2 protein chains.
Amino acid sequence: MEYPQLKLDNQICHRLYMASNRIIRDYREPLIKLDLTYPQYIVMMALWEKDGITIAELLEKTSIDGGAMTQILKKMTDKSLLSIVKDEDDKRRKVIKLEPHGDELRHQAASIPDKIKCSFSQMTDQEAQQLIELLDKVNQES
Amino acid sequence: MEYPQLKLDNQICHRLYMASNRIIRDYREPLIKLDLTYPQYIVMMALWEKDGITIAELLEKTSIDGGAMTQILKKMTDKSLLSIVKDEDDKRRKVIKLEPHGDELRHQAASIPDKIKCSFSQMTDQEAQQLIELLDKVNQES
DNA sequence: TGAATATACTTTGTATGCAAATTAATTTTG
DNA sequence: CAAAATTAATTTGCATACAAAGTATATTCA
């Protein structure tokens with residue numbers, strides 16, 4: 001082959017792309033019951049960890065695109081999961097607050113991580129830990 | 001914390017999601033010069049490896065969504081990268097053929113993998129190999 | 001052989017991801 | 001202090017990812 005570096009099988013990136021798409025697809029079924037998409041679920045996890053943060057903090061924690069976040073938060077507001085409050089100290093900012101429905105959803109969500117584990121069933125716990133560490137290196141700013 | 005399994009930091013999936021998005025974003029700059037998006041680049045790599053395959057084979061090789069593939073191939077046809085030919089043996093099928101422009105693009109693409117390596121600069125070659133193997137396990141059907 | 005299935009692909013509608021432009025408010029500077 | 005620069009969000013336009021429905025062609029099977 002003229003350019004072996006162009007073989008799909010040699011691309012880490014293509015594997016990342018497939019793996020990410022696959023896992024998000026696997027989340028669909030458990031999340032549909034909570035009426036959440038995967039990015040919305042990420043937002044919920046961030047808020048369950050720390051409620052009342054600004055949109056900027058939410059973007060930082062989730063790595064979701066800013067333009068997308070506006071739309072996502074709008075939809076989540078429509079579903080009474082959260083509310084968007086203007087920050088009186090700095091009127092550029094908006095603070096996100098969990099609504100009761102959003103707060104309680106965590107109990108139903110608690111079983112999701114276990115359901116997803118079958119996506120990693122080919123992997124030992126040690127390998128999963130290794131994968132986490134390697135992905136952290138990819139995610140490091142360089 | 002009430003449900004530690006819901007912590008974002010504990011999610012392999014979130015790391016995969018971030019890593020995949022990041023790498024695709026890194027590809028944007030080199031690919032924009034070839035007037036290709038990342039999925040379009042994947043299609044090109046598949047065709048550079050084996051020209052004249054059906055759409056079904058292309059879907060299999062690339063893991064791109066079928067519905068998206070129709071649109072992607074349409075755009076690539078408009079850019080004279082390839083042509084879509086009806087298979088006379090089985091009229092349900094369509095065969096994808098590289099056009100001269102698409103074929104020649106491989107020479108310009110040959111330098112891209114090296115440019116992307118900086119995305120993995122925190123990682124040794126051995127770690128990259130390890131990552132590939134772990135991702136292959138995630139991508140295995142279970 | 002004709003109806004039921006299955007296969008290959010397309011279409012549609014919703015939800016992002018991303019870059020770039022825009023708006024509003026705050027901070028920095030000259 | 002006022003203009004310039006910066007920051008926080010939103011908006012816009014394009015390109016997927018995905019599920020589900022639809023279309024056309026082939027195959028299977030009663």
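Because only heavy atoms are used, hydrogens play no part in the values below, and waters and symmetry mates are left out as well, while side chains stay in. In what follows, every chain begins at residue 1, and chains take the letters A, B, ... in the order their sequences are listed. Note that this is a predicted model, so its numbers are computed, not measured.
- The side chain of A:Lys74 places an N or O atom within less than 4.0 Å of a non-bridging phosphate oxygen (OP1 or OP2) of D:dT11.
- A side chain to side chain donor-acceptor pair (under 3.5 Å) check over residues 76-85 of chain B, counting only residues at least two apart or in different chains, returns the pairs B:Gln40-B:Lys79, B:Ser83-B:Glu99.
- Residue-level contact check: A:Tyr17 touches the backbone only, with heavy atoms under 4.0 Å from sugar-phosphate atoms and none from bases.
- With rounding to whole Å, B:Arg28 atom CZ is found 11 Å from D:dT16 atom C1'.
- Note on A:Ile84 and A:Ile64: same hydrophobic cluster, where clusters join Ile, Leu, Val, Met, Phe, Trp and Tyr whose side-chain heavy atoms are under 4.5 Å apart, directly or indirectly.
- Using a 4.0 Å heavy-atom criterion, one finds that A:Ile24 contacts no nucleic acid atom at all.
- With a 4.5 Å cut-off on side-chain heavy atoms, A:Thr54 and A:Asp90 do not count as touching.
- Side-chain atoms of B:Asn139 come within 3.5 Å of backbone atoms of B:Leu135 as a donor-acceptor pair (strictly under, hydrogens ignored).
- The distance between atom CG of B:Leu73 and atom P of D:dA15, rounded to the nearest whole Å, is 14 Å.
- A salt bridge links A:Glu57 to A:Lys50: one of the charged nitrogens lies within less than 4.0 Å of a carboxylate oxygen.
- Between B:Ile84 and B:Arg25, it is B:Ile84 whose nearest contact on DNA chain C lies nearer the 5' terminus.
- DNA chain D is contacted by both B:Gln71 and A:Ala68; A:Ala68 maps to the nucleotide lying nearer its 5′ end (nearest heavy atom per residue).
- Rounded to a whole Å, the CD1 atom of B:Ile23 is 12 Å from the P atom of C:dC18.
- Contact check for B:His107 versus A:Glu2: side-chain heavy atoms found under the 4.5 Å cut-off.
- Residue B:Leu31 contributes atom CG, which lies 14 Å from atom C1' of D:dT16 at whole-angstrom precision.
- Listed in residue order, the members of residues 39-58 of chain A having a heavy atom less than 4.0 Å from DNA chain C are A:Pro39, A:Gln40.
- Rounded to an integer number of Å, the gap from CG of B:Asp35 to P of D:dC14 is 14 Å.
- For the pair B:Tyr38 and C:dC18, the criterion of a side-chain N or O lying under 4.0 Å from OP1 or OP2 is not met.
- Atom pair A:Asn21:CG and D:dT16:P shows a separation of 13 Å (rounding to whole Å applied).
- Across all strands, B:Ile72 comes closer than 4.0 Å only to sugar-phosphate atoms, never to a base (heavy-atom distances).
- At least one side-chain nitrogen or oxygen of A:Thr37 sits closer than 4.0 Å to the OP1 or OP2 atom of C:dT16.
- Using cut-offs of 30° and 60° for the angle between ring planes, the A:Tyr27 and A:Tyr38 rings count as tilted.
- Side chain of B:Glu133 to backbone of B:Gln130: no donor-acceptor contact under 3.5 angstrom is found.
- Residue order along DNA chain D, read from the 5' end via each residue's closest nucleotide, puts A:Asp65 first among A:Asp65 and B:Asp65.
- In the region residues 85-94 of chain A, proximity to DNA chain D at under 4.0 angstrom, judged on heavy atoms, holds for A:Arg92, A:Arg93, A:Lys94.
- One interatomic measurement links the two molecules: CG of B:Asp26 to C1' of C:dA19, which rounds to 15 Å at whole-angstrom precision.
- One finds no salt bridge joining B:Lys91 and B:Asp87 here, because no Lys/Arg side-chain nitrogen approaches an Asp/Glu carboxylate oxygen to under 4.0 Å.
- The aromatic rings of B:His14 and B:Tyr17 lie parallel to each other, with less than 30° between the two planes, well short of the 60° mark.
- A:Met76 places its CE atom 19 Å from the P atom of C:dT14, with the value rounded to the nearest Å.
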